[in-house]
Amino acid sequence: MKYTTRQSAILLLSDGTIFHGKSIGISGKTFGEVCFNTGMTGYQEIFTDPSYFGQIMVTTNPHIGNYGINDLEVESDSVKIAGLVCKNFSFNYSREGASGSLEDYFAKQNLICISDVDTRALVSYIRDNGAMNAVICTDGTSIEDLKKELANVPNMEGLELASKVSTKEPYFIGDENATFKISALDLGIKKNILRNFAKRDCYIKVFPYDTSYEELSAFNPDGYFLSNGPGDPDPLHGVIEVAKSIIADDKPLFGICLGHQIIALANGVQTYKMFGGHRGINHPVKNLLTGKGEITSQNHGFAVKREALEGHPELELTHIHLNDDTVAGMRMKNKNCFSVQYHPEASPGPHDSSYLFDQFVENIKSSKV
């Protein structure tokens with residue numbers, strides 16, 4: 001294999017810290033909040049997850065690209081991360097089911113990537129100093145110019161991003177003759193969530209993030225779903241009002257990740273930006289209702305305030321994250337509504353959390369009796 005000289009590249013953090021590496025060959029610069037994911041597999045699912053929109057992803061797995069890409073293993077129609085930071089980028093791949101290389105995949109979508117970075121040092125730095133904005137530069141722009149541009153990048157706190165990734169027009173998933181109908185509000189929905197509903201005899205109509213309760217109800221659904229998505233939940237005032245209306249009418253409601261946070265806000269329970277967030281496929285959760293543990297996939301930088309939740313007369317804490325005791329799930333005591341902070345459609349357990357989809361279907365069934 002011949003040796004190829006690659007352009008030097010840098011990752012500049014908003015506090016002025018610089019990490020050096022090399023470009024994979026795509027010239028330019030990209031800005032976003034830097035975060036890390038501890039998953040050892042599933043990089044394509046991570047890169048296409050709409051919840052990562054606006055974020056520069058650091059992968060803790062030292063080898064990225066070694067099994068190429070597969071056109072079927074995507075969570076949306078394009079790469080959603082703002083950029084990638086990795087240790088070893090594999091230009092060659094070895095996998096029978098691969099449809100191409102990660103290099104070509106990134107080149108088609110102009111995704112800026114820096115490799116040969118000391119990712120262990122970088123992740124340790126983020127853990128100590130918190131998530132912050134950063135820029136990947138592979139085109140030789142001066143440090144001073146990059147600092148000026150980086151200073152103008154808005155912080156994730158207070159940033160509404162669901163509108164950037166939501167569908168523009170409604171669409172349908174599943175068999176139109178299915179037993180149950182679901183109105184799903186797309187705040188950055190993952191394809192596998194829809195597949196999980198469809199295989200449970202559900203016909204889903206997916207709506208844009210700013211759809212009114214009246215439009216959602218016009219589908220005459222048996223239940224409502226609030227999806228995952230990127231950004232701060234607090235600015236999504238319209239979505240919060242929709243959630244309030246669904247809850248007031250006591251319709252079956254299920255929320256995942258950002259949708260979970262929206263349900264909390266609809267009940268007057270605050271959310272907050274986490275110091276580092278939870279991102280990976282090895283996060284331990286305890287179901288307080290059953291006493292069972294779950295290995296979960298998580299991807300969130302905001303969370304529900306536990307003390308406010310536990311002090312709410314109509315809400316019950318149902319799941320906790322065992323690493324830091326943060327809220328991982330809740331339900332309403334007097335309404336047909338529940339939600340989780342993690343991703344039951346993912347399969348790290350591999351099926352530890354899939355019961356949540358069954359639970360939603362059972363809630364729909366009970367509401368129809």
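Atom set for the values below is all heavy atoms of this structure, side chains included, hydrogens, waters and symmetry mates excluded.
In this structure, Lys273 pairs ionically with Glu33, as a charged nitrogen and a carboxylate oxygen lie closer than 4.0 Å. A salt bridge links Glu73 with Arg95; the closest basic N to acidic carboxylate O contact falls under 4.0 Å. A salt bridge links Lys368 with Asp222: the closest approach of a Lys/Arg side-chain nitrogen to an acidic carboxylate oxygen falls below 4.0 angstrom. The pair Lys148-Glu144 does not count as a salt bridge, with every side-chain nitrogen at least 4.0 angstrom from each carboxylate oxygen. For the pair Glu314 and Lys333, the salt-bridge criterion is not met [side-chain N within less than 4.0 Å of a carboxylate O]. The pair Asp77-Lys191 does not count as a salt bridge, with every side-chain nitrogen at least 4.0 angstrom from each carboxylate oxygen.
When atom types are taken as modelled, the side chain of Thr296 and the backbone of Val285 share no donor-acceptor pair closer than 3.5 angstrom. A donor-acceptor pair under 3.5 Å is absent between the side-chain atoms of Asn155 and the main chain of Glu157, judged by distance alone. At distances below 3.5 Å, not a single donor-acceptor pair connects side-chain atoms of Asn88 with backbone N or O atoms of His63. When atom types are taken as modelled, the side chain of Thr318 and the backbone of Gly329 share a donor-acceptor pair closer than 3.5 angstrom. In this structure a side-chain-to-backbone donor-acceptor pair under 3.5 Å is missing from Ser297 to Ile281. Between the side chain of Arg6 and the backbone N or O of Gly25 there is no donor-acceptor pair closer than 3.5 Å. Of the possible polar contacts, one joining the Asn336 side chain to the Asn363 backbone as a donor-acceptor pair under 3.5 Å is found. Although no hydrogens or angles enter the test, the distance criterion places a donor-acceptor pair under 3.5 Å between the side chain of Asn133 and the main chain of Val153.
With 3.5 Å as the limit, one finds no donor-acceptor pair spanning the side chains of Asn129 and Asp15. Side-chain N/O atoms of Arg331 and Ser339 include no donor and acceptor closer than 3.5 Å. With hydrogens and angles left out, the side-chain atoms of Gln44 and Glu75 include no donor and acceptor closer than 3.5 Å. No side-chain N or O of Asp234 forms a donor-acceptor pair with one of Tyr272 less than 3.5 Å apart. Remark: the Asn70 side chain and the Ser99 side chain contain no N/O donor-acceptor pair separated by less than 3.5 Å. At a cut-off of 3.5 Å, with distance as the only test, no side-chain donor of Glu103 or Ser101 sits close to an acceptor on the other residue. With hydrogens and angles left out, the side-chain atoms of Tyr342 and Asn299 include no donor and acceptor closer than 3.5 Å. No hydrogens or angles considered: a donor-acceptor pair under 3.5 Å links the side chains of Ser51 and Asn228. In this model, a donor atom of one side chain and an acceptor atom of the other lie less than 3.5 Å apart for Glu160 and Ser163. Counted by atom type alone, Ser90 and Tyr67 present zero donor-acceptor pairs between their side chains at under 3.5 Å.
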message = With side-chain contact (heavy atoms from CB on, under 4.5 Å) as the criterion, how do Ser8 and Ser23 come out once you've worked through the C-alpha distance, each side chain's angles and the decisive distance to 0.1 Å?
response = CA-CA 6 Å; Ser8 295; Ser23 169; over 6 Å; no
Test log, rule side-chain contact (heavy atoms from CB on, under 4.5 Å), inputs Gln109 and Ser78 = CA-CA 8 Å; Gln109 302 189 48; Ser78 64; 3.3 Å; yes
request  = Determine, step by step, whether Met330 and His260 satisfy the side-chain contact (heavy atoms from CB on, under 4.5 Å) criterion, reporting the C-alpha distance in whole Å, the side-chain angles of both residues, the deciding distance to 0.1 Å, and the verdict.
outcome  = CA-CA 8 Å; Met330 64 184 182; His260 158 81; 3.9 Å; yes
message = Checking Ser76 against Lys190 for the side-chain contact (heavy atoms from CB on, under 4.5 Å) test, could you report, in this order, the C-alpha distance in whole Å, the side-chain angles of both residues, the deciding distance, and whether it holds?
response = CA-CA 6 Å; Ser76 66; Lys190 294 171 68 178; over 6 Å; no
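Contacts classified as ring pair (Phe, Tyr, Trp, His ring centres under 6.0 Å) and involving residues 278-312 (residues at least two apart or in different chains) are given here: His278-His283, His278-His300, His278-His321, His283-His321. Applying the ring pair (Phe, Tyr, Trp, His ring centres under 6.0 Å) definition to pairs two or more places apart or across chains, those involving residues 106-160 are Phe47-Phe106. Residues in residues 276-299 take part in no salt bridge (Lys or Arg N to Asp or Glu O under 4.0 Å) pair, two or more places apart or across chains. Sorted by first and then second residue, the side chain to side chain donor-acceptor pair (under 3.5 Å) pairs with a member in residues 194-203 read Thr179-Asp201, Asn192-Arg195, Asn196-Arg200, Arg200-Asp358; sequence neighbours excluded.
Checking Val361, Leu356, Leu226 one by one against Phe254, the side-chain contact (heavy atoms from CB on, under 4.5 Å) holds for a single residue, Leu356.
Atom NZ of Lys335 is separated from atom CG of Leu253 by 11.5 Å, given to the nearest 0.5 angstrom. Note that SG of Cys137 is 9.0 Å distant from CG of Leu12, once rounded to the nearest 0.5 Å. Here OG1 of Thr326 is found 14.5 Å from NZ of Lys305. Values are rounded to the nearest 0.5 Å. Leu13 CG to Leu150 CG: the interatomic distance, rounded to the nearest 0.5 Å, is 8.5 Å. Within the model, atoms CZ of Phe89 and CD1 of Ile64 stand 9.0 Å from one another, a figure rounded to the nearest 0.5 Å. Rounding to the nearest 0.5 Å places CG of Asp250 at 7.5 Å from CG of Asn334.
In plain terms, the two heavy atoms of Thr167 and Asp186 that are nearest each other are N-OD2, 2.8 Å. For Ser166 against Phe207, the heavy-atom pair with the smallest separation is OG-O, 4.3 Å. In this structure, Ala134 and Ile56 approach most closely via the heavy-atom pair O-CD1, 3.5 Å. Closest of all the heavy-atom pairs between Pro62 and Lys87 is O-CB, 3.7 Å. Nearest heavy atom pair, residue Ala9 against residue Thr138, reads CB-CG2, 3.7 Å. When every heavy atom of Leu187 is checked against every heavy atom of Pro230, the shortest pair comes out as O-CD, 3.4 Å.
At a threshold of 4.5 Å between side-chain heavy atoms, the hydrophobic network of Ile, Leu, Val, Met, Phe, Trp and Tyr places Leu194 and Val165 in two separate groups. Cluster membership check: Ile114 shares its hydrophobic cluster with Leu102, using side-chain heavy-atom separations under 4.5 Å among Ile, Leu, Val, Met, Phe, Trp and Tyr. The cluster map of Ile, Leu, Val, Met, Phe, Trp and Tyr, joined by side-chain heavy atoms under 4.5 Å apart, puts Ile69 and Met57 in the same cluster. Linking ILVMFWY side-chain heavy atoms closer than 4.5 Å, directly or via other members, places Val269 and Phe338 in two distinct hydrophobic clusters. Following chains of ILVMFWY side-chain contacts shorter than 4.5 Å, one cannot reach Phe31 starting from Val34, and the two form parts of different hydrophobic clusters.
Enclosure of atom NZ in Lys251 is not indicated, since only 12 or fewer non-hydrogen atoms of other residues, nucleotides or ligands lie within 6.0 angstrom.
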Side-chain polar contacts of residues 235-247 - donor-acceptor pairs under 3.5 angstrom, sequence neighbours left out - could you list them?
unit_1, atom_1, unit_2, atom_2, d
Glu241, OE2, Lys244, NZ, 3.3
Ser245, OG, Glu241, O, 3.2

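Remark: Glu215 engages no residue in a salt bridge (Lys or Arg N to Asp or Glu O under 4.0 Å) (not counting sequence neighbours).
A heavy-atom distance below 4.5 Å is found between the side chains of Met332 and Asn267.
By the 6.0 Å and 45° rule, Lys181 stacks over the aromatic ring of Phe219.
Using a 30° and 60° split on the angle between ring planes, His319 and Tyr355 fall in the parallel class, below 30°.
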